[in-house]
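The structure appears below as structure tokens.
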Amino acid sequence: MIFTTPPRPLDIEALFPGLAAHRATATRLHPRAGRPTARDSHVGGPLLWPAEEPWPSCDEEHRHSGPLLALAQLYSGDVPDLAAGPDGCDLLQVFWCPFDLHGPTGSGMHVRLRWRRSAEVRAILAPQPEPAHVGFDGYLPAPCVLHPEQVTEYPYIESLTGELAERVEEWEDAREEAAYEVEDEDEDEDLALPSYQSDLSVAPGWKAGGHAAWNVTGPGRMDCHDCGHGMRLLLTVDSYEWRSDSESWRPLPAGAAARARADTGGDANRPTGVAVGNFGKLNVFACPHDPAHPHRLSVQ
């Protein structure tokens, strides 16, 4: 089954031509419950991990230390907006520690990336290690296959600058006022006017590339600690496929018959079972100058 994002409710570039310079594509991953193999792009399935290579483990001394938990793997051929890996690598493998016991505060996340050339893997490690203990069930991803779809995005509203930012914010404020006025006149009327923030800028859900959302901390600059270059969004791990204020992004199965029987409930909205922080999202940034440089994280 193929999942697609409904068309955007309006052409935002027609209203604000200046946004064209900030247009970007992102690949929504649309994870859905399945039985992925090590040769698939997926969430929560077996990795294409060489039998002779040690499985990664966490460096922190937890009460229950052990191997890292495999979160996902993405083949560049499946995901158009996945940034290039170092030295011709075509496979990104993502791990995290199932405990919030890292960083300066002692309560942060630990994520590890492993790039590799898939053609070089011969014998695959089986069975693959799993942590004996997990600090939070939200770290345990359900096995999911992916349905990658490329969409167009624009910057988070607070990331815009200058006259363009002022015009978009004024437009956004005017639409909110119009919606409130209608609700005041008729309490039964629900006027859903498209919003730049919710409907026209950053797509929710798991995705590769595109623009980052900064709904918790506000926009922040991510520079590479090794070379100082500005980093780009590599991957977003989201607790939900959509939220109450972003239902226009709700992915639907392609075709009228498939849409008619689509499950749009909790399982469709949280197919992976992953919960980031307080059911938010994790943005993983990578250095475009050298993909081998250490990544950086932002939880939103």
Side-chain angles (χ1 to χ4, degrees), residues 5-6 8-10 12 16 19 22-31 71 81 94 96 100 103 105 107-109 111 136 138-139 151-162 164-177 179-180 192-223 230-251 266 268-286 295-300:
T5 300
R8 295 302 79 214
L10 58 82
I12 193 64
F16 305 104
L19 283 171
H22 304 280
R23 184 196 311 135
T25 58
T27 300
R28 301 189 73 188
L29 300 181
H30 299 321
L71 175 63
D81 291 292
V94 185
W96 59 12
D100 285 328
T105 65
S107 61
M109 302 177 69
V111 176
F136 173 47
Y139 278 119
V151 297
T152 299
E153 289 190 334
Y154 300 94
Y156 188 74
I157 191 167
E158 294 178 22
S159 298
L160 297 172
T161 59
L164 178 61
E166 294 176 4
R167 292 177 59 212
V168 172
E169 289 173 0
E170 289 174 0
W171 180 82
E172 192 92 326
D173 291 343
R175 294 178 83 78
E176 288 183 7
E177 285 186 24
Y180 288 140
L193 293 176
S195 160
Y196 177 84
Q197 181 80 315
S198 300
D199 304 299
L200 306 168
S201 56
V202 180
W206 287 64
K207 67 174 187 173
H211 290 286
W214 300 94
N215 47 293
V216 174
T217 65
R221 183 173 174 83
M222 286 288 179
D223 292 332
M231 305 183 89
R232 295 177 185 170
L233 184 63
L234 174 68
L235 177 67
T236 297
V237 175
D238 205 333
S239 304
Y240 293 97
E241 278 282 86
W242 70 88
R243 290 171 172 78
S244 59
D245 64 346
S246 58
E247 287 202 6
S248 72
W249 291 98
R250 179 189 301 186
N269 200 3
R270 297 200 61 233
T272 67
V274 164
V276 176
N278 189 22
F279 290 87
K281 65 184 66 179
L282 168 69
N283 291 325
V284 182
F285 295 86
H295 60 275
R296 294 187 64 183
L297 310 177
S298 174
V299 176
Q300 299 293 322

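It should be emphasised that the depicted structure is a prediction, and the values quoted were computed from it without experimental measurement.
- With contacts defined as side-chain heavy-atom distances shorter than 4.5 Å, the pair R8/S248 qualifies.
- The distance from the CE atom of M109 to the CG atom of L297 is 7.0 Å, given to the nearest 0.5 Å.
- Side chain of N283 to backbone of T236: no donor-acceptor contact under 3.5 angstrom is found.
- A cation-pi arrangement is absent between R232 and F285, since the terminal nitrogen or guanidinium carbon is not both under 6.0 Å from the aromatic centre and inside a 45° cone about the axis.
- Contact check for V276 versus K281: no side-chain heavy atoms found under the 4.5 Å cut-off.
- The shortest side-chain heavy-atom distance between F16 and Y196 does not fall under the 4.5 Å cut-off.
- In this structure the side chain of M231 never reaches within 4.5 angstrom of the side chain of D223, judged on heavy atoms.
- In terms of heavy-atom proximity, R175 sits nearest to P194 at NE-O, 2.8 Å.
- In terms of modelled atom types and a separation under 3.5 Å, the side chain of D81 and the main chain of A208 share no donor-acceptor contact.
- The heavy-atom pair separating A213 from Q300 by the smallest distance is O-CG, 3.3 Å.
- Scanning both residues, P9 and D199, for their nearest heavy atoms gives CG-CB, 4.1 Å.
- Judged purely by atom type and a 3.5 angstrom limit, H295 uses its side chain to pair as donor or acceptor with the backbone of V111.
- Taking CE from M222 and CG from L233, the interatomic distance works out to 10.0 Å, rounded to the nearest 0.5 Å.
- Two residues are said to be in side-chain contact when any heavy atoms from C-beta on lie closer than 4.5 Å; S159 and W214 meet this criterion.
- Qualifying side-chain contact (heavy atoms from CB on, under 4.5 Å) partners for F136, counting only residues two or more places apart in sequence or in other chains: Y139, A275.
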| field | side chain to side chain contact (heavy atoms under 4.5 Å, CB included) evaluation trace for V299 with V216 | value | CA-CA 8 Å; V299 176; V216 174; over 6 Å; no
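- Put simply, the side chain of E158 never gets that close to the backbone of G218: no donor and acceptor are under 3.5 Å apart.
- What you find for G209 and A26 is that their closest heavy atoms are O-CB, 3.8 Å.
- Not a single donor-acceptor pair under 3.5 Å links the side chain of E247 to the backbone N or O of W242.
- Of the possible polar contacts, one joining the R270 side chain to the V274 backbone as a donor-acceptor pair under 3.5 Å is found.
- A heavy-atom distance below 4.5 Å is not found between the side chains of P271 and H30.
- Shown here for V202 and Y154, the closest heavy-atom pair between the two residues is CG2-O, 3.6 Å.
- The side-chain contact (heavy atoms from CB on, under 4.5 Å) test applied to S198 returns S195, D245, not counting sequence neighbours.
- The distance from atom CD1 of I12 to atom OG1 of T152, rounded to the nearest 0.5 Å, is 13.0 Å.
- Between the side chain of R28 and the backbone N or O of E241 there is at least one donor-acceptor pair closer than 3.5 Å.
- Annotation: the span from R243 atom CZ to W249 atom CH2 amounts to 13.5 Å, rounded to 0.5 Å.
- Considering CG of L160 and CG of L19, their distance stands at 6.0 Å, rounded to 0.5 Å.
- Between Y156 and A212, the shortest heavy-atom contact is CB-O, 3.6 Å.
- Distance check, rounded to the nearest 0.5 Å: NZ of K207 to CG of L235 gives 10.0 Å.
- Annotation: N278, atom CG; neighbour count of heavy atoms from other residues, nucleotides and ligands within 6.0 Å does not exceed 12.
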